[in-house]
Student: 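Here it is, the structure in full.
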Amino acid sequence: MANSKDTQSRTFSSQVVDGMERAPSRAMLYAVGFKQEDFKKPQIGIASTWSMVTPCNMHINKLADDAAKGVNEAMGKAVIFNTITISDGISMGTEGMKYSLVSREVIADSIETVAGCQGFDGIVAIGGCDKNMPGCLIALSRLNRPSVFVYGGTILPGCHNEKKLDVVSVFEAVGARANNKIDDAELNAIETKAIPGAGSCGGMYTANTMASAIEALGMSLPNSSAQAAISEDKRLDCERAGAAVLELLKQDLKPRDIMTKAAFENAITVVISLGGSTNAVLHLLAMANATDVDLSLDDFTRIGANVPMVADLKPSGRYQMAELIEIGGIQPLMKELLDRGLLHGDCLTVTGKTLAENLADVKSYPEGQDMIRSFDNPIKKDSHLTILYGNLATEGSVAKITGKEGLIFTGTAKVFEAEEQALQSILNNEIVKGDIIVIRYEGPKGGPGMREMLSPTAAIMGKGLGNDVALITDGRFSGGTHGFVVGHITPEAYVGGTLALINNGDKITIDAETKQLTLHVSDAEISHRKSNWQQPKPRYTRGVLAKYAKLVSSASTGAVTDNLE
């Protein structure tokens with residue numbers, strides 16, 4: 001029999017395997033590799049998002065083995081299980097992309113389901129592609145058992161004609177080909193060289209953004225966000241994560257002890273300083289919701305007023321994550337933010353130490369590097385993530401404006417009822433300088449699923465219209481998107497938001513200075529149009545997309561599906 005101390009660290013597994021009446025449970029576990037002594041050890045679930053669906057996750061089975069080794073050597077018993085992943089990059093621009101944001105909820109639900117059923121005492125969750133990370137964190141927060149998140153790691157750059165490539169290079173090459181700037185042979189060369197192996201998309205896109213946010217949140221070990229997918233550092237990160245969960249069990253330190261409001265503010269601060277993806281807004285809101293932390297769109301505005309964007313990283317900058325790794329990753333940046341009073345140093349982390357203690361001995365970036373700018377000479381003096389309100393977004397919207405595009409754009413609406421229509425119009429040279437592309441009925445309910453608009457925004461860039469055309473939508477954007485874009489417009493078109501009432505030729509202003517998104521139509525005319533508007537019929541009436549559309553909340557609250565009160 002286990003003693004009381006052992007049982008305390010096996011709060012959940014003891015209910016599954018202890019005592020005469022649990023003999024059938026033990027019998028089944030012998031078949032999957034348990035030995036008699038393992039029943040006295042804490043059981044640690046290793047949630048692996050491995051799949052051959054995408055290069056982001058194709059190596060995670062091996063990382064799961066490394067994490068299991070760390071658990072077992074620390075005298076726990078590791079049990080590896082899988083959840084799903086999808087590929088944004090592969091499904092982008094197709095009907096299949098509607099499942100992307102849905103996968104975040106499926107991942108969270110599946111990890112919660114397995115861990116809750118099997119009685120795991122702690123969790124190591126390993127994620128690679130965009131939705132894996134918030135999905136894992138939502139589950140860890142719901143379960144609230146000692147846990148560590150491990151990022152699967154970034155991909156190395158591809159190369160063509162001595163130019164570094166990533167997946168966004170291919171999307172933009174499509175626009176360049178449509179504009180006859182390159183030929184078929186050049187497009188083929190780019191597409192065959194852009195993705196050289198395993199790992200998540202290489203710029204400060206959503207995967208690297210969320211990995212950085214989670215490290216700043218305190219839920220992964222230091223440097224987990226800044227390691228190549230195939231590297232000795234990443235292997236050791238997994239082993240250490242496995243051992244760290246056993247230490248967290250001893251300290252009884254759980255995710256909700258770490259994921260406080262101050263920790264979420266740290267995550268937002270780091271995302272802003274790195275020039276991270278607009279998806280971070282959606283995912284951090286959802287993660288906070290799961291943790292019962294009161295986080296809102298306005299917190300991004302409040303924090304962003306004092307935090308500069310200093311990282312010259314793709315998509316709007318020059319460098320990839322692999323190059324940031326070479327100069328120290330995000331730890332020196334976090335140390336600088338802490339020293340300037342922009343991070344809460346007293347927040348606990350999965351090391352069992354505070355953020356300030358983790359950063360105490362971190363060295364500065366090497367002299368002469370220009371990847372992370374001086375705080376006295378930032379790329380933008382405040383946040384690039386701009387929360388806009390106005391008669392087009394009474395509940396808010398999210399813009400990604402680095403300042404390179406300018407801060408104000410007024411243009412003429414060209415309205416599309418779906419992403420595919422807009423993309424074809426761009427490729428067919430029907431979009432001209434001064435247009436504001438309006439893509440609607442792509443929100444969480446209307447899509448359903450809130451697709452990312454990387455295909456049209458990359459085509460705009462490839463066409464050379466990046467400074468001359470804007471795009472607004474109730475959908476969202478890939479972390480690879482740059483340009484004058486506004487997404488997450490709420491209320492979305494499907495529920496009768498003003499976005500549904502725009503006509504071709506209407507004037508629209510995007511103003512990052514006043515933080516307003518304005519349709520230049522009178523209130524009376526908007527009311528008249530609203531009286532004639534009819535909600536479209538649901539696009540799906542069966543299956544996961546129909547369930548999602550029924551349950552999902554507004555993008556302004558994170559597009560969550562578990563607020564059922």
Side-chain angles (χ1 to χ4, degrees), residues 202-206 208-213 215-216 225-226 264-281 284 297-321 323-345 355 359 362-388 398-409 466-467 477 479-486 510-515:
M204 190 47 63
Y205 310 146
T206 304
N208 283 318
T209 296
M210 290 312 301
S212 301
E215 182 174 329
S225 71
F264 276 99
E265 291 180 346
N266 285 346
I268 293 169
T269 295
V270 169
V271 167
I272 291 169
S273 64
L274 289 169
S277 167
T278 53
N279 280 319
V281 178
L284 288 171
L297 287 175
D298 294 338
D299 288 311
F300 288 82
T301 300
R302 172 179 57 83
I303 295 166
N306 300 308
V307 178
M309 174 186 165
V310 294
D312 192 11
L313 298 170
K314 287 178 175 291
S316 59
R318 294 176 292 165
Y319 295 103
Q320 295 194 22
M321 191 67 177
E323 294 166 292
L324 182 60
I325 291 170
E326 292 175 1
I327 64 167
I330 71 168
Q331 290 273 299
L333 173 59
M334 289 174 64
K335 179 70 180 299
E336 177 82 1
L337 289 164
L338 178 67
D339 291 345
R340 290 176 175 269
L342 296 173
L343 291 179
H344 303 285
L355 183 71
L359 295 173
V362 171
K363 296 179 181 179
S364 300
Y365 289 117
E367 289 289 332
Q369 66 82 27
D370 61 354
M371 212 173 304
I372 303 297
R373 297 264 287 268
S374 161
F375 278 65
D376 298 324
N377 182 34
I379 294 169
K380 192 170 186 287
K381 64 181 178 59
D382 54 9
S383 181
H384 65 298
L385 296 175
T386 304
I387 308 302
L388 304 176
V398 183
K400 183 178 183 180
I401 300 173
T402 65
K404 295 178 180 180
E405 313 85 352
L407 297 173
I408 301 173
F409 192 104
N467 295 323
F477 295 108
T481 290
H482 56 124
F484 227 115
V485 297
V486 183
I510 305 164
D511 191 331
E513 294 181 327
T514 63
K515 296 179 172 54

Student: If a pair satisfies salt bridge (charged side-chain N to carboxylate O under 4.0 Å, His left out) and one of its residues is in residues 366-376, list it, with sequence neighbours excluded.
Tutor: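 Residue pairs with at least one partner in residues 366-376: Arg318-Asp370.
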
Student: Using the test side chain to side chain donor-acceptor pair (under 3.5 Å), find all partners of Thr514 that sit at least two apart in sequence or belong to another chain.
Tutor: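 Side chain to side chain donor-acceptor pair (under 3.5 Å) list for Thr514, sorted by chain: Asp511.
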
Student: Would Tyr319 and Ile327 satisfy side-chain contact (heavy atoms from CB on, under 4.5 Å), going step by step from the backbone distance to the final call?
Tutor: CA-CA 12 Å; Tyr319 295 103; Ile327 64 167; over 6 Å; no

Student: For Val270 and Ala216, which heavy atoms make the closest approach, and how far apart are they?
Tutor: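 Closest heavy-atom pair between Val270 and Ala216: CG2-CB, 3.6 Å.
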
Student: Tell me the closest heavy-atom pair linking Ala267 and Ala213, and the distance in Å.
Tutor: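 For Ala267 and Ala213, the tightest heavy-atom pair comes out as CB-O, 3.5 Å.
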
Student: Could you check whether any side-chain heavy atom of Lys314 comes within less than 4.5 Å of a side-chain heavy atom of Tyr205, counting everything from C-beta outward?
Tutor: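 Yes - at least one pair of side-chain heavy atoms lies under 4.5 Å apart.
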
Student: Testing the basics here: between Leu297 and Ile387, what is the closest heavy-atom pair and its distance to 0.1 Å?
Tutor: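 For Leu297 versus Ile387, the nearest heavy atoms are O-CG1, 3.6 Å.
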
Student: Counting C-beta onward and ignoring hydrogens, is there a side-chain heavy-atom pair between Val486 and Phe409 closer than 4.5 Å?
Tutor: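 No, their side chains stay 4.5 Å or more apart.
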
Student: Short question: side chain of Asn208, backbone of Gly203 - any donor-acceptor pair under 3.5 Å?
Tutor: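 Answer holds: yes.
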
Student: State, to 0.1 Å, how close Glu323 and Gln320 come at their nearest heavy-atom pair, and which atoms those are.
Tutor: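 Scanning both residues completely, I find the closest heavy atoms to be OE1-N, 2.8 Å.
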
Student: Is there side-chain contact between Met321 and Ser212, with at least one heavy-atom pair below 4.5 Å?
Tutor: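 Touching, per the 4.5 Å side-chain cut-off.
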
Student: Between Thr209 and Ser277, is there a donor-acceptor pair closer than 3.5 Å when you use the side chain of the first and the backbone of the second?
Tutor: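 Side chain of Thr209 to backbone of Ser277, a donor-acceptor pair under 3.5 Å: yes, one is there.
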
Student: I need the minimum non-hydrogen distance between Ala311 and Ile372, along with the two atoms involved.
Tutor: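 Heavy-atom minimum between the residues: CB-CD1, 3.6 Å.
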
Student: Is there a side-chain contact between Ile401 and Phe484 (heavy atoms, below 4.5 Å)?
Tutor: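 Answer yes - side chains close enough.
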
Student: Please list, chain by chain and in numerical order, all residues satisfying side chain to side chain donor-acceptor pair (under 3.5 Å) with Thr301, sequence neighbours excluded.
Tutor: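 Expected list: none.
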
Student: Which distance, rounded to the nearest 0.5 Å, do you find between the CZ of Phe375 and the CG of Asp339?
Tutor: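 One finds 9.5 Å between CZ of Phe375 and CG of Asp339.
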
Student: Is any side-chain heavy atom of Glu513 closer than 4.5 Å to one of Ile408?
Tutor: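 Touching, per the 4.5 Å side-chain cut-off.
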
Student: Show the atom names and distances, to 0.1 Å, of all donor-acceptor pairs under 3.5 Å that link a side chain in residues 329-336 to residues at least two apart or in another chain.
Tutor:
| unit_1 | atom_1 | unit_2 | atom_2 | d |
| --- | --- | --- | --- | --- |
| Gln331 | NE2 | Glu215 | OE2 | 2.6 |
| Glu336 | OE2 | Arg340 | NE | 2.8 |
| Glu336 | OE2 | Arg340 | NH2 | 3.3 |

Student: Which residue is it: Val398, Ile272, Val271, Leu284? I am looking for the one with a side-chain contact (heavy atoms from CB on, under 4.5 Å) to Phe300.
Tutor: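 In the set Val398, Ile272, Val271, Leu284, the residue that makes a side-chain contact (heavy atoms from CB on, under 4.5 Å) with Phe300 is Leu284.
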
Student: Holding to side chain to side chain donor-acceptor pair (under 3.5 Å), I want the full list of residues that pass it with Glu265, two or more places apart in sequence or in another chain.
Tutor: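 Glu265 satisfies side chain to side chain donor-acceptor pair (under 3.5 Å) with Arg302, His344 once adjacent residues are dropped.
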
Student: Could you walk me through whether Tyr365 and Leu324 pass side-chain contact (heavy atoms from CB on, under 4.5 Å), step by step?
Tutor: CA-CA 10 Å; Tyr365 289 117; Leu324 182 60; 4.1 Å; yes

Student: My understanding is that only residues two or more places apart in sequence, or in another chain, count here; which of them pass side chain to side chain donor-acceptor pair (under 3.5 Å) with Asn467?
Tutor: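 Applying side chain to side chain donor-acceptor pair (under 3.5 Å) to Asn467 gives none.
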
Student: Atom CG in Asp382, atom CD1 in Ile303: separation rounded to 0.5 Å?
Tutor: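 Taking CG in Asp382 and CD1 in Ile303, the distance rounds to 13.5 Å.
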
Student: How close do Met204 and Leu274 get, counting heavy atoms only, and between which atoms?
Tutor: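 Heavy-atom minimum between the residues: CG-O, 3.6 Å.
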
Student: What is the distance from atom OG1 of Thr269 to atom CG of Leu338, rounded to the nearest 0.5 Å?
Tutor: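 Going from the OG1 atom of Thr269 to the CG atom of Leu338 covers 11.0 Å.
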
Student: When you look at Lys380 and Ser316, which way does the side-chain contact (heavy atoms from CB on, under 4.5 Å) test go after all the steps?
Tutor: CA-CA 12 Å; Lys380 192 170 186 287; Ser316 59; over 6 Å; no

